[in-house]
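In what follows, every chain begins at residue 1, and chains take the letters A, B, ... in the order their sequences are listed.
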2 protein chains.
Amino acid sequence: MTQAFRADARRNRDLLLTAARESVAEHGTDASLRDIARRAGVGIGTLYRHFPTREALLEALLNSNFDALRARADVLLAAPDSGEALLTWLGELAAGSATYQGLPESIMNALADETSGLHASCAGMRSAGGQLLKRAQQDGSVRSDVTVSEVIALVLGLAWAAERSVESSDLIARLLTTAMFGLADRGR
Amino acid sequence: MTQAFRADARRNRDLLLTAARESVAEHGTDASLRDIARRAGVGIGTLYRHFPTREALLEALLNSNFDALRARADVLLAAPDSGEALLTWLGELAAGSATYQGLPESIMNALADETSGLHASCAGMRSAGGQLLKRAQQDGSVRSDVTVSEVIALVLGLAWAAERSVESSDLIARLLTTAMFGLADRGR
DNA sequence: ACCTGAACACCGTTCAAGT
DNA sequence: ACCTGAACACCGTTCAAGT
């Protein structure tokens, strides 16, 4: 199926992805598309032909990451402590969403917009987390009155906050455990 | 001191603030400055003369809100239940940061950037919350290993997540109580 | 002292013209 | 089938020229 594309088109697609990875690493999720095309040595129209939207480009950049996160959920589903398994996975989601500045926002938008080119990947990730949450709730290790969407919104919210904060680099982890065990102190 | 300004300048300032309130209500914190100047019937240079940065404009738009939040903290400092007082105040912070789309982000950025025209207001708000937190921690009703900055980052993160979510309108409150009492279920 | 708007350097996005 | 880049409609920001 790779051979079904013209060699020059295939080449341009690769050049664009490499350029995008660089530019997004430097400037975050809302990096200039023009700049990406320039780095790839390609016309701006070529970028649009291969990736009709910014979200489609991000999807191509991130799909392996989402795959990995889904696979991790499958593994953790077999871990003995269901509550700990969920927390571990949420930590990896938070860490993963920190790979590019602005990524928590892109994921959050994609989840809310079914027409987004990034929606399928994000929805898949969400339902993988949903299985972990469900098990933890059935075990009684996590409160039963929260939905997957809420838990993910919470985690991405913390990742977002950590990303525009000057505090220590383990802020995400700190915020996550605070939210996991509660701000309120009930004699731990 | 109001009379120290030329009448036309004073007038333009008011026109700009009214226009800004409208435009920001419609398009959020990153509303077009050009659009604001247009609505005010004023040249773009006049906007920059009165408000050298977007943050300075937001400050003028929001200072009364920050004052109110600081005043609320003073009142709540006298409430009997220190933990409940903190939660109430954090709820009001979350609600207040939802008045304009993008406001959680503006506040978060302002807290991290001391040169921001919005920094003083936000830092004042933070230290007011800090008093409430301190009292709650001394009472033992809130865990002692969190800072004000962390608590505020957490709340703004949740407000941000709620703002770009399709869920019910009480999502902020739900996320806040989850974070307050913890996602983990320890037999409530 | 204050106001104006052209000018500059950028965007995202589309689309006619080319190979 | 694919590529190119001019064109369009926007930005934020500055600054010479006006009153």
Side-chain angles (χ1 to χ4, degrees), chain A residues 1-20 22-24 26-61 101-102 105-106 109-110 113 115-118, chain B residues 1-20 22-24 26-61 101-102 105-106 109-110 113 115-118:
Chain A
M1 47 185 297
T2 291
Q3 281 86 337
F5 298 107
R6 263 168 49 168
D8 56 343
R10 177 93 189 114
R11 174 119 207 288
N12 281 339
R13 213 191 103 100
D14 291 345
L15 286 171
L16 280 165
L17 280 178
T18 310
E22 277 180 29
S23 193
V24 170
E26 286 176 28
H27 303 109
T29 294
D30 52 351
S32 162
L33 297 180
R34 265 194 153 87
D35 178 53
I36 292 174
R38 261 191 305 260
R39 290 194 199 216
V42 141
I44 179 69
T46 302
L47 184 148
Y48 274 91
R49 164 166 266 264
H50 285 277
F51 307 102
T53 65
R54 161 174 261 117
E55 286 72 31
L57 179 57
L58 286 175
E59 205 283 330
L61 227 56
Q101 196 263 331
E105 175 156 16
S106 299
N109 289 344
D113 175 14
T115 74
S116 166
L118 204 54
Chain B
M1 46 186 296
T2 291
Q3 281 84 338
F5 297 106
R6 262 168 52 168
D8 56 345
R10 177 95 188 111
R11 176 120 205 287
N12 282 339
R13 214 191 101 100
D14 292 345
L15 287 171
L16 280 165
L17 279 178
T18 310
E22 276 180 29
S23 192
V24 170
E26 285 176 30
H27 303 108
T29 293
D30 51 351
S32 161
L33 298 178
R34 264 194 154 85
D35 179 53
I36 293 173
R38 262 192 305 262
R39 288 193 200 218
V42 140
I44 180 67
T46 302
L47 184 149
Y48 274 91
R49 162 165 267 265
H50 285 276
F51 308 103
T53 64
R54 159 174 261 118
E55 286 71 33
L57 178 57
L58 286 175
E59 206 281 330
L61 226 55
Q101 197 264 330
E105 176 155 16
S106 299
N109 289 343
D113 175 14
T115 73
S116 166
L118 204 54

With a cut-off of less than 4.0 Å, is there a side-chain N or O of His50(A) near OP1 or OP2 of dC3(D)?
yes
Examine dC10(C): is either OP1 or OP2 under 4.0 Å from a nitrogen or oxygen in the side chain of Ser32(A)? Give yes or no.
no
Which residues satisfy the side-chain hydrogen bond (donor to acceptor under 3.5 Å, both in side chains) test with [X], sequence neighbours excluded?
X	value
Gln101(B)	none
Asp113(A)	Thr115(A)
Asp8(B)	Arg6(B)

Atom [atom1] of [X] to atom [atom2] of [N]: distance rounded to whole Å?
X	N	atom1	atom2	result
Leu47(A)	dC11(C)	CG	P	13 Å
Leu33(A)	dC10(C)	CG	P	16 Å
Ile36(B)	dG12(D)	CD1	C1'	12 Å
Arg54(A)	dG12(C)	CZ	C1'	8 Å
Asp30(B)	dC10(D)	CG	C1'	14 Å
Phe51(B)	dT13(D)	CZ	C1'	17 Å
His27(B)	dG12(D)	NE2	P	12 Å
Asp35(A)	dC11(C)	CG	P	7 Å

Sequence neighbours excluded, every pair satisfying side chain to side chain donor-acceptor pair (under 3.5 Å) that has a member inside residues 35-45 of chain B:
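Listed by first then second residue: Glu22(B)-Arg39(B), Ser23(B)-Asp35(B), Glu26(B)-Arg39(B), Asp35(B)-Arg39(B).
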Summary of side chain to side chain donor-acceptor pair (under 3.5 Å) pairs that have at least one residue in residues 40-57 of chain A, sequence neighbours excluded
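Passing the test, one end in residues 40-57 of chain A: no pairs.
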Pairwise distance CG(Leu16(B)) to CG(Leu57(B)) - rounded to 0.5 angstrom
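That separation rounds to 7.5 Å.
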Spatial distance of atom CG (Leu15(A)) from atom CD1 (Ile36(A)) [nearest 0.5 Å]
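So the gap between those two atoms works out to 13.0 Å.
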What is the nucleic acid contact for [X], judged by heavy atoms within less than 4.0 Å: base, sugar-phosphate only, or nothing?
X	value
Ala31(B)	sugar-phosphate
Arg13(B)	nothing
Ala37(B)	nothing
Arg11(A)	nothing

Looking only at the side chain of Ala9(B) (C-beta and beyond, no hydrogens), which of the listed nucleotides dC2(C), dT13(C), dC11(C) gets closest?
dC2(C)
My understanding is that only residues two or more places apart in sequence, or in another chain, count here; which of them pass side chain to side chain contact (heavy atoms under 4.5 Å, CB included) with Ala37(B)?
Ile44(B), Leu47(B)
Could you go through nucleotides 4-7 of chain C and list every protein N or O atom that sits under 3.5 Å from one of its N or O atoms, giving the distance for each pair?
from, atom 1, to, atom 2, distance (Å)
dT4(C), OP2, Gly43(B), N, 2.9
dT4(C), OP2, Thr46(B), OG1, 2.7
dG5(C), O6, Gly45(B), N, 3.4
dA7(C), N6, Arg34(B), NH2, 3.1

List in chain and number order the residues that pass salt bridge (Lys or Arg N to Asp or Glu O under 4.0 Å) with Glu59(B), two or more places apart in sequence or in another chain; answer none if no residue qualifies.
none
Provide the closest heavy-atom pair for Leu61(A) versus Ala20(A) in the form atom of the first, atom of the second, distance.
CD1-CB, 4.1 Å
Bracket notation of DNA chain C in which parentheses pair within the strand, [ ] cross earlier pairs, and | pairs with another strand (Watson-Crick or G-U, under 3.5 Å)
||.|||||...|||||.||
